[in-house]
Student: 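Take this structure, written in structure tokens, and hold onto it; I'll ask about it next.
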Amino acid sequence: GAERYFTRWYKPDVKGRPCEDFCVLQHSNRRICVITLAEAHPLLQSGKTIKNINYQISANCSRLQNKVSGKSKRGAQFLTELAPLCRISSSDGDEYTIYSCIRGRLIEVNENILSNPTLLQEKPSTEGYIAVVLPKFEESKNITQGLLTRKEYEEVLLKRCNST
């Protein structure tokens, strides 16, 4: 279903951090967006083991407290492009902050990865997604500005390989 109904958009080197790339799966209805790790993210490289996933962003903000109700999605937390969704630490001591990459309302976070973090690595585009975000209707057509197509992202990856 992900390949058929969703268009992949990429945000490489978020906040200037090399290789910390994210993928935004935009539904064909042009609104619902699923935030995942891009293929080249360090957490998806071999040898990485996820130790902990934490949706507690600050003392007063937990993405797990996001309670959405009704057709207008009342109660949803509003996110900017650089709003942190969660923090993931790996067994080698590295910590990664996962960002929204788009503006919109947080519809849900994937609580399944809390009990089964390997989903994040084994099925990042399906069961291992991070969160679902709903952009404002009037912004939904422009939501992909600043994001790369798959072809553009592959060129970024090629440049990385050639520079190392």
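Values reported hereafter were calculated over all heavy atoms of this structure, with side chains retained and with hydrogens, waters and symmetry mates removed. Only a predicted model underlies this, so the values are computations on that prediction, with no experimental measurement involved.
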Student: Does any N or O in the side chain of Gln121 come within less than 3.5 Å of the main-chain N or O of Lys48, such that one atom is a donor and the other an acceptor?
Tutor: yes
Student: When hydrophobic residues are tied together by side-chain contacts of less than 4.5 Å, even through go-betweens, does Leu44 share a cluster with Val24?
Tutor: yes
Student: Donor-acceptor pair, Arg105 side chain versus Val133 backbone, under 3.5 Å?
Tutor: no
Student: Under 3.5 Å, is there a donor-acceptor pair between the side chain of Glu152 and the main chain of Thr149?
Tutor: yes
Student: Heavy-atom count around Asn60 CG within 6.0 Å, excluding the residue itself: above 12?
Tutor: no
Student: Any chance you could lay out the side chain to side chain contact (heavy atoms under 4.5 Å, CB included) test for Ile50 and Thr118, step after step, and finish with the verdict?
Tutor: CA-CA 7 Å; Ile50 295 173; Thr118 57; over 6 Å; no
Student: Run the numbers on Ser28 and Thr7 for side chain to side chain contact (heavy atoms under 4.5 Å, CB included), then give the verdict.
Tutor: CA-CA 7 Å; Ser28 57; Thr7 304; over 6 Å; no
Student: Under 3.5 Å, side chain of Arg87 to main-chain N/O of Tyr55, donor-acceptor pair present?
Tutor: no
Student: Got a salt bridge between Glu155 and Lys151, using NZ or NE/NH1/NH2 to carboxylate O under 4.0 Å?
Tutor: yes
Student: Would Tyr5 and Gln26 count as having a side-chain donor-acceptor pair, cut-off 3.5 Å?
Tutor: no
Student: When you compare the side chain of Leu64 with that of Leu114, does any pair of heavy atoms fall below 4.5 Å?
Tutor: yes
Student: Heavy-atom distance under 4.5 Å between the side chains of Tyr96 and Pro42, does that happen here?
Tutor: yes
Student: I'd like to know if the side chain of Arg63 pairs up with that of Gln77 as donor and acceptor (distance under 3.5 Å, no hydrogens or angles considered).
Tutor: yes
Student: Would you mind reporting whether Pro12 and Phe22 have side-chain heavy atoms less than 4.5 Å apart?
Tutor: no
Student: Distance from Ser90 atom OG to Ile53 atom CD1, nearest 0.5 Å?
Tutor: 11.5 Å
Student: Would you call the rings of Tyr10 and Tyr153 parallel, tilted or perpendicular, where under 30° means parallel and over 60° means perpendicular?
Tutor: parallel
Student: I need the Leu119 CG to Thr126 OG1 distance, nearest 0.5 Å.
Tutor: 8.0 Å
Student: From Asp21 CG over to Leu148 CG, what is the distance, rounded to the nearest 0.5 angstrom?
Tutor: 9.0 Å
Student: When hydrophobic residues are tied together by side-chain contacts of less than 4.5 Å, even through go-betweens, does Val109 share a cluster with Leu82?
Tutor: yes
Student: Start with the C-alpha distance between Asp13 and Glu20, add both sets of side-chain angles, then the distance that settles side chain to side chain contact (heavy atoms under 4.5 Å, CB included), and finish with yes or no.
Tutor: CA-CA 5 Å; Asp13 303 332; Glu20 288 197 30; over 6 Å; no
Student: Is Asp94 salt-bridged to Lys51, cutoff N-O under 4.0 Å?
Tutor: no
Student: Mind checking the CD1-CD1 spacing from Ile98 to Ile35? Nearest 0.5 Å is all I need.
Tutor: 11.0 Å
Student: I'd like to know whether Ser125 forms a side chain to side chain contact (heavy atoms under 4.5 Å, CB included) with Arg8, so could you lay out the CA-CA distance, the side-chain angles of the two residues, the decisive distance to 0.1 Å, and finally the verdict.
Tutor: CA-CA 10 Å; Ser125 297; Arg8 288 177 177 272; 2.7 Å; yes
Student: Main chain of Tyr129, side chain of Asn110: is a donor-acceptor contact present, judged purely on distance under 3.5 Å?
Tutor: yes
